[in-house]
Structures are given as structure tokens and as C-alpha cells.
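Scope of the values below: all heavy atoms of this structure, side chains included, with no hydrogens, waters or symmetry mates.
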Amino acid sequence: MKIFVVNAGSSSMKYQLIDMETEGVLAKGLCERIGVTGCITHKAADGRVYSADTAMPTHAEAFEAVVYAMTQSDAKVIDSLDEITAIGHRIVQGGDTYSESVKIDEDVMKVVDELSELAPLHNPANLLGIKACYKLFGDKTPQVAVFDTSFHQTMEATQYVYPIPYEYYDKYKIRRYGAHGTSHRYVCDELFNITGMKKEGSKVITCHLGNGCSITAIKDGKCFDTSMGFTPLDGFMMGTRSGAMDPSVLTYIANKDGLSADDISNILNKKSGVLGVSGVSNDNRDVAAAAEAGNERAKLATDMQRYQIIKFIGSYIAALGGIDAIVFTGGIGENDKDLRAAVMENLKFLGIECDAENNAKRGENIRVSTADSKVGVYVIPTNEELVIARDTLSLIK
Ligand code: AMP
């Protein structure tokens, strides 16, 4: 049984074809510049690659290019679309409507559309992906929506209401929703699988650190609190995003420089974080290299990022009333051993000791705190596509 996993953005679209017998990836690819020009890069599991510049005025043409790549190109992996049993879509915002994945129908599409107000960059694009699949596959192939927000729906009002006039929650549903939920759910489930830890009574912190970063406090296997909020701008500094800060700074800068709300949003989302402070790059590798070469602002950005991560973990340990395990994932969480070592060094008072040999390894589920550390610290590579495929399979069965 093969599941097609789709992650549609406004001008790009990532996909994977997963064989559910083995949970292996048969092919994966990326369409870019949709609506502008269009190109596709498609990779089969055996290393064959197909890439082409193909006109993609809309997502429909992007999907046609994917079908060609999968069924007819030099890197084809199936003979026809009939071999695909179902399609799973990553949907960014499910609001407070969806605490679990759902089979897509007209009603679901309507809600995803309505929730575009909360995720204007993502939900409309996700919906385009669904519509393009209907056009291509018809009604026979079931489609499933897996929401980035649904794992966080177990938070209580104490964690998700913002301290602004309550009417804004009533009127506009302004509250903490969180993001990266599929990743936090996956790595937490993997943690339980590899350690044999029981969900009940467990206190876990999962750190998804990539270009976007979020940290989640998980109690009894359920989200208790998470750093991203109404949007993925909340929390702590990321590649280009500021994370939380004194809101007065925003009105002050707006008044000083005559900036609009959209200008401010652009600065906070695209020009801040590691890029804004370092002035070098949003990529930790570039910033680490610049810091090594003596760039003071790059060093400051690195130090700030580590400090904010430590502070968040510390606050969640207090919120959970203890800690059993901490998990790192995402591009930075999985690869930046120096950042992990710095965090563990600061958490020594909890009985955490870094296992330098394991901490230097890559690409596998691994414990990076020593075996006799009181708290297990782990690296678990995330796999959101697999969660989407598994949810899709279980909903169509
Ligand atoms: P993601 O958004 O999860 O793909 O993560 C992207 C980020 O991971 C990049 O911006 C890099 O900062 C970071 N990253 C990837 N590889 C490494 C590495 N070897 N060392 C440090 N950071 C890395």
C-alpha cells in the first residue's frame, strides 16, 4: 500500500511516496517557483534523479509534473496513479476545531479555508494542494488532513490564553495554538518506543530546532505547553524570527521610523533572530563559522540562541514539576553538537552529563547524555512525513 504525502506551500510543494509495508520512502521531491516559472526535482529511493524546468502557473501543473516524474520519467517509481491508495496533506492551522487528523470532505475544506485568517501564508496553499489532488485523482482516492496544531490542542486555557482583553479571544480566537505539532508528536512517540518509558506520569521536553524553532513541554504524552503561539513567531529567536520580546519595542520602532503593522511583521518574521543579530546569515553553520573567525555579532547571536533555549527548557522543567527526558530534533537539534553540549553543560545541576562520543554521532536515534545521567537527553531525527502517512493509513482503514 502506497501513500502520497503532500506539503504544499504558496510557491513550492514537497512530496513523498511512502510504501506502508516497509514505511520506506519510494521517492521524494520538490516543486519550486509555482506561479512564477516552475521546476521539479524528483529523487527515487535507488538514487535515480529527474529534474526539469516545467511551466507551473498553478499547483495543478505542479502536480502534473509530479505525476510525470513518478510514472513516466527516468526516475519513475510506479506505473500509474492507481497504485496510490491515499493522500495525506500537511495542514498548518487546524485552529481549535481539529485535535486529530481527519478525512477530507467538503466541510473540512471549508474549515481549512476559514482558518486561513490565522495562517494566511499557509492554509490557502494547503487548500490548493488538496484541490489539485481532487482534480488529478478524482473522488476515489481518499485524502487526509494532518494538522500542525492538533497535538497542541490538549493545552489548558492557563497555557493558551494571552493576557490581553479576553474579548479578543472571544471575538478573534486569539490564543496560543503552537506549531511543529507533528514533529513534537513523532519524536515523543519515538522516545517512548526506544526507551520503553511509560506515557503515564512522564515529563518530557521536545526541542524542534531548525530554521523555525519551538520547544514543547509534554506531560503524560500530551502537550502541556509549547513555545510557538498564535503564530510561529512566538517563543525564542529563530533563523529570521525574533520570538517573544517586549511588545513596546514594536510600537516604539513603528513610531520612530513611521512603519506600518505589515512593515513590523516583516521585520519580526524575516529580518530578526539569528540573521538580525549576527548580520551574517540565518543559517547556524554560517554564523558558527563567522563567530569562529572572530565576528562579535555572530558570537552574540550564537550565545543568545543557546541562552534562550536553556531558559525555555528551564521554565518548562518548572512548569512540569520535574523532567524525565529532553529530546533534540530539527536541522539544528539533530546536527549542532556544540549547541547540545552547551545546553547539557548548563543542566548539569539536574544530574545531566554529556556523552561526548554519542553526542558527536549523527542521523540516528541516540542518547547523548551518559547512561548514568539522571535525565535522558536524546537526539531523535524527526519524520513528519511518516506521521502524516501513518495517520492517513489509520483513517482510511
Ligand atoms: P530545518 O529547518 O530543520 O531544515 O533546519 C535548518 C537549519 O539547520 C539550518 O538553518 C542550519 O542552521 C541548521 N543545520 C543544518 N545542519 C547543521 C549542522 N551540521 N550544524 C549546525 N547547524 C546545522
Side-chain angles (χ1 to χ4, degrees), residues 2-18 20 23 25-35 38-43 45 56 58-67 69-70 77 84 86-94 98 101-104 108-109 112-113 115-116 118-137 141-151 177-187 208 210-212 214 228 231-232 239 329-331 381-393 395:
K2 298 178 184 75
I3 306 274
F4 184 49
V5 175
V6 177
N7 181 355
S10 52
S11 66
S12 68
M13 200 256 298
K14 285 193 233 164
Y15 63 90
Q16 285 192 6
L17 185 65
I18 300 182
M20 297 313 288
E23 293 196 334
V25 178
L26 297 170
K28 62 168 124 180
L30 171 66
C31 296
E32 290 174 287
R33 299 169 197 264
I34 302 170
C39 65
I40 179 169
T41 311
H42 168 91
K43 293 179 184 162
M56 296 175 186
T58 70
H59 283 69
E61 291 80 14
F63 276 92
E64 282 167 15
V66 175
V67 173
M70 288 200 299
V77 285
I84 294 176
I87 304 153
H89 292 269
R90 175 195 182 210
I91 311 287
V92 165
Q93 182 55 265
Y98 298 110
S101 304
V102 287
K103 253 172 108 166
I104 296 173
V108 172
M109 286 168 70
V112 170
D113 190 25
L115 289 168
S116 291
L118 301 182
L121 296 179
H122 296 103
N123 273 33
N126 300 156
L127 203 53
L128 286 173
I130 296 171
K131 287 179 179 164
C133 283
Y134 270 122
K135 205 169 156 199
L136 211 56
F137 289 84
T141 312
Q143 301 195 44
V144 165
V146 179
F147 302 93
D148 260 14
T149 46
S150 58
F151 180 64
Y177 290 103
H180 290 150
T182 315
S183 175
H184 289 289
R185 170 154 71 104
Y186 174 78
V187 298
H208 180 111
N211 206 22
S214 63
M228 281 181 169
T231 71
T329 196
T382 195
N383 194 342
E384 291 157 283
E385 291 79 11
L386 184 56
V387 178
I388 294 171
R390 283 177 181 167
D391 277 13
T392 302
L393 181 64
L395 276 164

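- The nearest pair of heavy atoms linking Ile130 to Met109 is CG2-SD, 4.0 Å.
- Counting heavy-atom neighbours within 6.0 Å of Lys14 NZ, excluding the residue itself, gives a total of 12 or less.
- Of the inter-residue distances, the one linking Lys43 atom NZ with Gln16 atom CD reads 11.5 Å to the nearest 0.5 angstrom.
- Contact between Cys31 and Val66 at its shortest, heavy atoms only, is SG-CG2, 3.6 Å.
- Residues Cys133 and Leu136 have side chains not in contact (no heavy-atom distance under 4.5 Å, counting atoms from C-beta outward).
- Using a 4.5 Å heavy-atom threshold, the side chains of Met228 and Asp148 count as separate.
- The CD atom of Glu384 sits 6.0 Å away from the OG1 atom of Thr182 when rounded to the nearest 0.5 Å.
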Using the side chain to side chain donor-acceptor pair (under 3.5 Å) rule, take Gln93 and His122 through it: C-alpha gap first, then chi angles, then the decisive distance, then the call.
CA-CA 8 Å; Gln93 182 55 265; His122 296 103; over 6 Å; no
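- For the atom pair Asn383 CG and Ile388 CD1, the distance stands at 9.5 Å (nearest 0.5 Å).
- Summarising the geometry of Ala8 relative to Gly129, their closest heavy-atom pair is CB-CA, 4.0 Å, with the distance given to 0.1 Å.
- Among residues two or more places apart in sequence or in another chain, the salt bridge (Lys or Arg N to Asp or Glu O under 4.0 Å) test is passed with Glu23 by Arg390.
- A donor-acceptor pair under 3.5 Å is absent between the side-chain atoms of His59 and the main chain of Gly35, judged by distance alone.
- Applying the side-chain hydrogen bond (donor to acceptor under 3.5 Å, both in side chains) test to Thr58 and every residue at least two apart in sequence or in another chain returns Glu61.
- Annotation: side chain of Tyr15 is in contact with side chain of His42 (closest heavy-atom distance under 4.5 Å).
- Counting all heavy atoms, side chain and backbone alike, Asp391 lies closest to Ser101 at OD2-OG, 2.6 Å.
- When atom types are taken as modelled, the side chain of Ser150 and the backbone of Phe147 share a donor-acceptor pair closer than 3.5 angstrom.
- Taking 4.5 Å as the limit, some side-chain heavy atom of Met56 sits within range of a side-chain heavy atom of Ile40.
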Go through Ile18 and Glu385 one step at a time and tell me if the side-chain contact (heavy atoms from CB on, under 4.5 Å) criterion holds.
CA-CA 9 Å; Ile18 300 182; Glu385 291 79 11; 4.3 Å; yes
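- Note that CD1 of Ile87 is 8.5 Å distant from CD1 of Ile104, once rounded to the nearest 0.5 Å.
- The distance from the CG atom of Leu121 to the OG atom of Ser116 is 10.5 Å, given to the nearest 0.5 Å.
- Proximity of a side-chain donor or acceptor of Asn126 to a complementary backbone N or O of His89 within less than 3.5 Å is not detected.
- Here the straight-line distance linking atom CG of Leu128 with atom CG of Asn123 works out to 11.0 Å at 0.5 Å rounding.
- Contact record, Ala119 with Pro124: O-CD, 3.5 Å, taken as the closest heavy-atom pair.
- Judged purely by atom type and a 3.5 angstrom limit, Thr382 has no side-chain atom pairing as donor or acceptor with the backbone of Thr329.
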Take Val6 and Met13 through the test side-chain contact (heavy atoms from CB on, under 4.5 Å) and record every step on the way to the result.
CA-CA 7 Å; Val6 177; Met13 200 256 298; 3.9 Å; yes
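- Side-chain contact check for His184 and Ser214: at least one donor-acceptor pair (N or O, by modelled atom type) lies under 3.5 Å.
- Contact record, Thr149 with Val92: CG2-O, 3.5 Å, taken as the closest heavy-atom pair.
- Between Phe4 and Phe137, the ring-plane angle classifies as tilted under the 30° and 60° cut-offs.
- For the pair Ile91 and Tyr98, the minimum side-chain heavy-atom distance is 4.5 Å or more.
- Met70 places a side-chain heavy atom less than 4.5 Å from the side chain of Ile84.
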